[in-house]
Each structure stands twice: as C-alpha cells, then as structure tokens.
Amino acid sequence: MSKSPPSDLLPAEARDAVDGLAGARVLIVDDNRINRHLLLALLERGGITLIEQAEDGQDALVLMERFKPDLVLLDLMMPQMDGFEMCRRLRADPRWKSLPVLVQSSLSRAEDRARAFAAGATDYVTKPINAVELLARVGIQLRKRAMLRDLEQYHSRTENELELARAMQARMLPGPERLAELEAATGIAVQAHFAPSSELGGDFWGIEHLPDGRVAVYLVDFSGHGVGAALNTFRLDAICRRIGSTDLTPAEFLETVNRRLCGLLPSGQFATMLTGLIDPVAGEFHYASAASTAPMVWHPGDEAPRLGDGSGLPLGLLSSVTYDARRLPMPPGARLFLYSDAAIEIPIGGEGHEVLDEYGLATLLARRLHQPDDAGLLSGLLDDLTATGPIDDDLTALLLTRRR
C-alpha cells in the first residue's frame, strides 16, 4: 500500500469520479509489471490509496483473504490462473459473489466480453487504458459497492430487530408449559396453531384460569399484517392485562377494551375479537364478539359442529358501542374451535371470487370430528385448509377440549 500524490495531475472529471472513496480497497491483478504500476499511479492520483497488487489469479486469491478488497481490477490473459478462472472462483465463493470485478484487457472482441461477463465480470474496459474512463468506472463500481454494503447492513439490522419483535410476540402467546398446567388444573386441553403471513403477525390469543374455576379465552385479529399490525397486538395485549377479566362479563370486557383502543389506533385500523368464559359448573361457553369469526362447538357423537354468532362491530371504530352476551353449551367432552378469518377467506376458485366461508370450514371440520386425538384433528384440518387454496393472511386456530 502506498501514499497518494496530489490528484491535480488528473482532469477534474477524473478526480470527481473517485472523490470521497479514499477509504476504498482495490486489488490490481495483472502479470505485466508496467501495467500494474500504471494502474497504481492512476488510482493514487484519483485519491485511492489502499491498493494491493497480484501477478496472477492464484496470487490474487491468496491476497483476497487478507486484503478483502472492495473492487478487483483484473487482467484476463495471465499465466498460472487467468482472469476468467479467477472470476469463476470468486463467484463460487459466497463472500465474493457481489464483489465488483472490473476487467481491463486488450481483448476487444464481443465474444471475449461475453465470455468475461459469463465468468462473473462486473464491468469491462479495453486497453490501452483511458485514465478518465477507468477512474469513472472505478468510481461507479465502488459507489455501488458502498450502497450495497449499506443496504446489507440495513437488512441485517432490520432482521435482528424483526427477530426481537418475533420473540416478543411469541412470548405473548401461552406456551406448552402453561397450557399443560391449565389442563391439569381445569381439565381444558388446548391445541394451538399460529402462523403469521409475514415476519410479524396481527393475530394473538390468550387464555387464563380464573380463581372461581372458570377459564377465560380470547382471540384477536388486527386489520392488516406485518409490523404495523404487530405493534397493535402489543398495544392490545397491554390493555387486556391492565383490565383483567375476573369481574367483567365477556361483553363488558369487550366494551372496556374498545373504549381504550379507540384512542390509540390510527384512523382506518381496527381489530376483531372474540372473548369468552368456559363455565364448568353451568357447562356453557359464555362469550361476546366484535366482528369475530363464528365459534364452533361440538359434543361427543355430533355429526357436525354447531356455529355460534360472531357478529358485532370491530374494536377501535366507535367508542360507545355495546356488545351482546351469547352462549354455547359446553358439557364434558365438548370441543370448542376458535380461528382467525384467514381460515375462511381462502379462495376456492371460480369467477365470482368465492371464498371458503364459515360453512365451508364447518364442512371440512365435520369430516374430522371422529378423530379422538386433538393434535391429529387440528393438524388434519390445517392440511385440509392448505389443500383448499393459498392462505395469505395470519392464521390462528385454537381447539379447546373439555376433558371433565
């Protein structure tokens, strides 16, 4: 590496071509010593000082490990290993797949250019070298490299942040240990499936064993998906935790949640929600719905699930709305199925843009009711949904079985 002399020996347009790229690292690969020195002088006068030289492809590949260049100036016709082979080896290594390789060669035929680009060259200049053109092309490739590196760093940082958010969202959902404790204490077994359609989802659910022996459960589906919807799930989870559910009916709980959510959601955003209480003494599921999907319940021996009522105004639209109290019978052995609308909005073909809908889902579910194994039933139903058509939204599915 060497110090650069003043760059005023070059035309202004040549100096501008590499202005601001003094920290860039360039590897010159050429078997001709005079050519290497000429390129070295041009780069230094253009303001690039971090330069290494290699006599052929083999030497260059060894230098790559230590020098880690931002650009390679590569001759094609060299002994030991020519530029074509060096290009191919660089592109076969994931570390160098996007590294700019600027070929400078006396080969000027279209076939030679095509062969060089096929081997992995990024750009091509012919000898004898024009200083202004060379530095302009070097500047362009180095700036592209810098922008790509910035983009990769941004992507990596975004991925890390999304992974953190995914972990936070996963912690909101009841885990296997908590569900096992719930089943041991209440006899309510839960099989759950949650699959966001992108990195983050707008669905979430919760379940709680109340001091009086009842079990509270809710399922939320925010409009949209991705980061915006996920942020709303964090808001609503915090609201639900602050309100608690021991002293409120499901309808009162929804009304309280809605009033608080109306002041937080941006215009045009809303959520659907179903919340309910499994009462083992009464043998019923008491619930209220804010435009949720219809809950489905079936008893041992039933040939088809019974559909509840999911109507009601979504959360976040009108603070003064009230919700109706509803109930479904849930004696010992009964199963309750809750789900987000991705399960009923699967396209089923036809020019009318038909979707599966709740009755279509109930038909699929009816074919599985004979299965005694809850995990197998839910897994089989999800396979049926996937086979029906593409699922392009967050999907949550809960199967709750009253064991006793």
Side-chain angles (χ1 to χ4, degrees), residues 166 169-170 173-174 179 189-205 207 217-226 229-230 233 270-274 276 285 287 289-312 314 328 330 334-401:
R166 278 194 292 268
Q169 197 168 45
L173 306 179
L179 295 180
V190 181
Q191 291 291 328
H193 172 83
F194 170 70
S197 61
S198 59
E199 291 87 353
L200 298 170
D203 290 3
F204 78 102
W205 66 280
I207 194 164
V217 61
Y218 59 84
L219 189 152
V220 178
D221 183 358
F222 269 97
S223 57
H225 41 77
T233 67
F270 59 89
T272 65
M273 184 174 185
L274 184 142
F285 176 58
Y287 70 98
S289 169
S292 72
T293 55
M296 299 185 189
V297 67
W298 62 99
H299 305 165
D302 282 354
E303 295 297 324
R306 313 174 190 196
L307 273 67
D309 186 350
S311 61
L328 286 167
M330 196 170 177
R335 287 166 163 172
L336 172 67
F337 183 55
L338 308 178
Y339 51 95
S340 56
D341 60 10
I344 57 173
E345 294 181 350
I346 301 173
I348 56 175
E351 296 182 359
H353 304 291
E354 295 181 359
V355 295
L356 182 63
D357 75 28
E358 289 165 334
Y359 295 101
L361 177 61
T363 300
L364 290 180
L365 192 53
R367 301 172 187 168
R368 300 276 177 181
L369 296 189
H370 65 279
Q371 292 185 235
D373 174 50
D374 290 348
L377 188 156
L378 183 58
S379 174
L381 178 63
L382 293 172
D383 289 341
D384 293 340
L385 292 176
T386 303
T388 299
I391 300 174
D392 59 2
D393 198 358
D394 308 325
L395 175 61
T396 300
L398 306 177
L399 179 61
L400 296 89
T401 302

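Remember, it's a predicted structure, so these values are computed and weren't measured experimentally.
You'll find the side chain of Leu361 reaches within 4.5 Å of the side chain of Met296, heavy atoms only. With contacts defined as side-chain heavy-atom distances shorter than 4.5 Å, the pair Pro295/Leu328 qualifies. Looking only at side-chain heavy atoms (C-beta outward), Leu338 and Leu274 come within less than 4.5 Å of each other. Side-chain contact check for Phe204 versus Phe194: every heavy-atom pair is 4.5 Å or farther apart. A 4.5 Å side-chain heavy-atom check between Leu369 and Pro305 finds at least one atom pair inside the cut-off. Two residues are said to be in side-chain contact when any heavy atoms from C-beta on lie closer than 4.5 Å; Asp341 and Asp393 meet this criterion. Trp298 is not listed as a side-chain neighbour of Arg306, based on a closest heavy-atom distance of 4.5 Å or more.
With sequence neighbours excluded, the residues satisfying salt bridge (charged side-chain N to carboxylate O under 4.0 Å, His left out) with Asp374 are Arg335, Arg403. In this view, Leu364 and Leu356, Arg367, Leu381, Asp384, Leu385, Thr388 satisfy the side chain to side chain contact (heavy atoms under 4.5 Å, CB included) rule, not counting sequence neighbours. Applying the side-chain hydrogen bond (donor to acceptor under 3.5 Å, both in side chains) criterion to Thr396, with sequence neighbours excluded, gives Asp203. Residues satisfying the ring-ring contact (aromatic ring centres under 6.0 Å, His included) test with Phe270, not counting sequence neighbours, are none. Listed by chain and residue number, nothing satisfies the side-chain hydrogen bond (donor to acceptor under 3.5 Å, both in side chains) test with His193 (two or more places apart in sequence, or in another chain). For Leu179, the side chain to side chain contact (heavy atoms under 4.5 Å, CB included) partners are Pro174, Val190, Trp205, Ile207, not counting sequence neighbours.
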| Step-by-step side chain to side chain contact (heavy atoms under 4.5 Å, CB included) determination, Phe285 to Val217 | CA-CA 10 Å; Phe285 176 58; Val217 61; 3.9 Å; yes

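Between atom CG of residue Leu399 and atom OG of residue Ser379 there is a gap of 12.0 Å, rounded to the nearest 0.5 Å. Atom CZ of Arg368 sits about 13.5 Å away from atom OG1 of Thr363, to the nearest 0.5 Å.
Residues Ala229 and Ser223 share a closest heavy-atom pair of CB-O, 3.9 Å. When all heavy atoms of Ser340 and Asp394 are compared, the closest pair comes out as OG-O, 3.3 Å. Pairing each heavy atom of Leu398 with each of Ala192, the nearest pair is CD2-CB, 3.6 Å. When all heavy atoms of Glu358 and Ile344 are compared, the pair lying nearest together is CG-CD1, 3.6 Å.
Asp373 contributes a side-chain N or O that, together with a main-chain N or O of Gly376, makes up a donor-acceptor pair within less than 3.5 Å. Distance alone, capped at 3.5 Å, is enough to place a donor-acceptor pair between the Tyr339 side chain and the Ala294 backbone. For Tyr287 (side chain) and Asp309 (main-chain N/O), a donor-acceptor pair under 3.5 Å exists by modelled atom type. In this structure, Ser289 contributes its side chain and Gly310 its backbone to a donor-acceptor pair below 3.5 Å.
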